[in-house]
Structures are given as structure tokens and as C-alpha cells.
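Notes to accompany the following structure.
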Amino acid sequence: MQKKALTRNVFMTGLTSFFTDISSEMIYPLLQAFVRQILASARTLVGPLLGIIEGIAESTASLLKVYAGYVSDRLAKRKAPAIAGYATSALSKLLLLLSSISWVFVLFFRFLDRVGKGVRTAPRDALISESIDKSVRGKAFGLQRGMDFAGATLGVVIAYFLVRAFMDPATQELQSIDAFRTIFIISIIPAFIGVLFLFLTKETRAGAVTTAKDRPRPNLNFRTYGKSLQLFFLSQAVFTLGNSSNQFLLLRTMDLGFLLSTTILFYLIFNLSSSLFSTFFGSLSDKIGRKKVLVGGYALYAAVYASFGLIPLDLGLLLWVVWPFYGLYYAMTEGVEKAFVADMAPEESRATALGFYHTIVGIGLLPASIIAGILYSFLPSAPFLFGAVTSVVAIGIIVVAVREK
């Protein structure tokens, strides 16, 4: 395998992410509107319930990530758990067909969808990391995230046109539960297409050793990892406390006077910005170091979140600038964070360390989303200002205490 080139595994996992995100992003920007529709007689509960749904789904399911990474390292298998996780997420979308009965089924869908992500993420990231040379690791993760966001962009485009096709001409909103259900059914198709591409990948470590006795035991003792990696995980825990679900950004956008169809366009611009620049920033981190790119990304996040909090109703048009910069933050951080952890982790525990990273971030999303939901119900700008502050604290930890390998 020519590891200094981007291999088939990188492209196949990228295509899986592409189609999976077409499916996911056909649904995601509609969820807050769907919950508002279900709770039409209790609108004040929308913020807190979104916090509960997103927090429980992300945090509880994320506990699987470190365990899935450990099992993947122990068995030296990447492909099978990745396939199982993507298939679980695809099947979870069927629960949305029952969501008109109660918002509880939205919770079940988000939970099972995130369980699938918990199972697949660390093995998939380890598969990418082990398929290429470390000198192009940032580029590989950047390409994977770029294809992920490209799929998200296309999914949002499809969602936009479907919303326009099904919306009520009088109110310019989706008023029918059946309209939501139709979109949810269509979204299932690309989810299963994405799973198929994983069958075209090749294992990277399974052939290296033949028995479990011969394999190095992956390290579940967090305290034995390098000090810089531990402090980086700490910075992620602090940052995540203010990094609530994007559902609150969508909710804030609609509360600033924009229709659902226009809000979807904002989300489209966000995904397009992320898709266009992810590979660039991943490659840049290979050349100038991960730390510089990450610090710039978190600083941009602080500025963007402060803007969401401070923009007044009469200046809502500024969101046409803020949303694409939010996409740039994702492009600067998501793939680079994974590459940084892969660089710093012991080789025999790479998937476990990546699992730790995803778990730490995921666990923080429960209090983050609950805090955001409560703050939003009292003062809509508060969760975004809180997120800006936690980002600045995380930058301080990284700049002062984290050293690159």
C-alpha cells in the first residue's frame, strides 16, 4: 500500500460519509421545526426539550465511542464495527415515521442514530489513520471531513427544495406532519447507499497479527497517556460545555425573523463553506502544525458565537456573513482534531484514544445542551455568549499547556 498517497480506504470512507450526510442533513435542519410543530400548544417547551433530546442522544451514545475504539484495537478490526455503526444509524431513521405520535420518538431516533455513530467513529478514524503515511494524515482527515460536508451540503439542498415543494403557500411553513414524514422516508435511501461503500474498504491491521494473544493490549488507562494529550482532552471538555447543538443556532435564526426555508439556506451555506475548506486546512496543519490551526479555529468560533448572541433583530441580515464563517470554524477544527489525537496516541491504542476524544466531547454535550436550553428560555443570546467564553478558556489551555509531538 502506497501510504504517502491517499488510498482507496480514504476515498471509500469519504463516500460513505458523503451519502450518510446527505441523509442526515435532509433531516437535521428540520428537527427543531418538527418539534415546534409537535409541541404547537406548548411552544415554551421547545428550547428545553431540544436540549434534552440533543444532550441525551449525543452524550449517552458517545459513551460507546471509547469502548468501540477499545474493542476495535483489541480485535484489530476496523471495517466490521464501522459497517455495523453506519447500518444502525440508517435503520434508526425509520423511527421518525412514528414521531408524529410523540416527541419521545424523536428522542429515540436521535439516540439510536448517535449509538450508530458511537460504534463507527473510532474504528473508521483508525482505518483512515492507518491507511496513509502520517505526513499526509491531516490531508486525509480533511478530505474525509470535506466529503462529509459536501454530502451535508447536498442533503440541505434537497431538504430546501422538498420544503419549498410541501410548504403551505399562506404561511410559508411546513404545516403538515405528512410533509415531514415524506421527507424522512426519502432520506433513508442515501443512508443505505453509504453503507455499501464500506464493503469496498480493506482492513489495515487484521493481517498484522493472527491471535489475540499476540496483539498489544490497547490502553484504557487515561492517566498513562502523554501529558499534552491529557491536557488537550481537558481543553475539549471545557470547549464542549459551550458548544451546544446546532439546533439552537437554527432556532436562533428563525427567532431573528427568518422563515424555515431561508434558515435551511443558511445551513446550506455553512455546510458548503466547511466542505470547500476542510481539505485545505487539513493539509495546512500537516505543514505548519495542528496547534496553530486549532487555535485559529477556536478563536473564530468565539467570534461567531458572540455574533449569534449579540446580533439584534433589525440586523439579522448579518447572519449571511456569520453562517459561512461558522462553516470555516468546522473546516479548521474537525479533521485537524482527529489528526492531532492520532499523532499523539500510542500506536497500539490509536482507536481507543480517538474513542476517548469522541467520548469526552460527547459527554460534554449533555450538560452543554441542557445549559443552552435553559439559558435560551430565559435569554436567547445567553447560550451563545457562554459558548464564546468557554472557547477562549480552551484556547488558553492549548496555548499554554499543550505541546505537539
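Here the structure is a predicted model, which means the values were calculated and not measured.
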Interatomic spacing from OG in Ser17 to CG in Leu15 - rounded to 0.5 Å: 9.0 Å
Distance-minimising heavy-atom pair for Gly327 and Ser273: C-OG, 3.7 Å
Phe192, CZ atom: more than 12 neighbouring heavy atoms under 6.0 Å: yes
Geometric class of the Phe384/Tyr376 ring pair [parallel <30°, tilted 30-60°, perpendicular >60°]: perpendicular
Presence of salt bridge, Asp113 and Arg110, under 4.0 angstrom: yes
Residue pair Ser89, Arg120: steps toward the side chain to side chain donor-acceptor pair (under 3.5 Å) verdict: CA-CA 10 Å; Ser89 292; Arg120 77 191 185 226; 2.7 Å; yes
Parallel, tilted or perpendicular: rings of Tyr326 and Tyr330 (30°, 60°): perpendicular
Minimum heavy-atom distance Val402-Phe232, with the two atoms named: CG2-N, 3.8 Å
Check: Thr121 side chain, Gly118 main-chain N or O, donor-acceptor pair, under 3.5 Å: no
Close side-chain approach of Leu260 to Leu30, heavy-atom, < 4.5 Å: yes
Mutual orientation of the aromatic rings belonging to Phe280 and Phe277 [parallel < 30°, tilted 30-60°, perpendicular > 60°]: perpendicular
From NZ (Lys79) to OG1 (Thr13), nearest 0.5 Å: 12.5 Å
Minimum-distance pair of heavy atoms, taken over all atoms of Pro367 and Leu241: CG-CD2, 3.9 Å
Closest non-hydrogen atom pair between Ser283 and Lys139, with its separation: OG-CG, 3.3 Å
Phe141 CZ to Gln144 CD distance, which is reported to the nearest 0.5 Å: 7.5 Å
Heavy-atom side-chain contact between Phe248 and Phe308 under 4.5 Å: no
Ile188/Leu94 under side-chain contact (heavy atoms from CB on, under 4.5 Å): CA gap, chis, key distance, verdict: CA-CA 8 Å; Ile188 296 173; Leu94 296 173; 3.4 Å; yes
Ser72 side chain vs Lys77 backbone, donor-acceptor pair below 3.5 Å: yes
Straight-line distance of Leu294 CG to Ser285 OG, nearest 0.5 Å: 7.5 Å
Closest non-hydrogen atom pair, Glu25 against Ala152: CG-CB, 3.2 Å
Aromatic ring pairing Phe258/Phe266, orientation class (parallel under 30°, perpendicular over 60°, tilted between): perpendicular
Residue pair Leu249 / Tyr267, side-chain heavy-atom distance below 4.5 Å: no
Exam field: side chain Thr153 to backbone Leu272, donor-acceptor pair closer than 3.5 Å: yes
Note, Phe109 side chain near Leu97 side chain (heavy atom, < 4.5 Å): no
Lys227/Arg403 under side-chain contact (heavy atoms from CB on, under 4.5 Å): CA gap, chis, key distance, verdict: CA-CA 9 Å; Lys227 185 65 68 176; Arg403 300 288 180 266; over 6 Å; no
Heavy-atom check, side chain of Leu268 versus side chain of Tyr160, under 4.5 Å: no
Tyr28 (side chain) donor-acceptor with Asn246 (main chain) under 3.5 angstrom: yes
Arg252 side, atom CZ; Thr263 side, atom OG1 - distance, nearest 0.5 Å: 12.5 Å
Working for side-chain contact (heavy atoms from CB on, under 4.5 Å), residues Trp323 and Thr253: CA-CA 10 Å; Trp323 270 105; Thr253 300; 3.2 Å; yes
Polar side-chain atom of Ser228 near backbone of Glu404 as donor-acceptor pair, under 3.5 Å: no
Closest approach of Met344 to Leu229 (non-hydrogen atoms, all atoms of both residues): CB-CD1, 3.9 Å
Heavy-atom side-chain contact between Phe270 and Val156 under 4.5 Å: no
Derivation and outcome, side-chain contact (heavy atoms from CB on, under 4.5 Å), residues Ile360 and Thr240: CA-CA 9 Å; Ile360 289 167; Thr240 304; 6.0 Å; no
Heavy-atom check, side chain of Lys93 versus side chain of Ser24, under 4.5 Å: yes
Check: Ala303 main-chain N/O paired with Ser307 side-chain donor or acceptor under 3.5 Å: yes
Side-chain donor-acceptor contact under 3.5 Å, Glu334 with Ser278: no
Inter-residue atom distance Leu200.CG - Thr16.OG1, 0.5 Å rounding: 8.5 Å
Ring pair (Phe, Tyr, Trp, His ring centres under 6.0 Å) between Tyr298 and Tyr301, intermediate numbers included: CA-CA 5 Å; Tyr298 297 143; Tyr301 174 92; 7.8 Å; no
Min side-chain heavy-atom separation Ile397-Phe239 under 4.5 Å: no
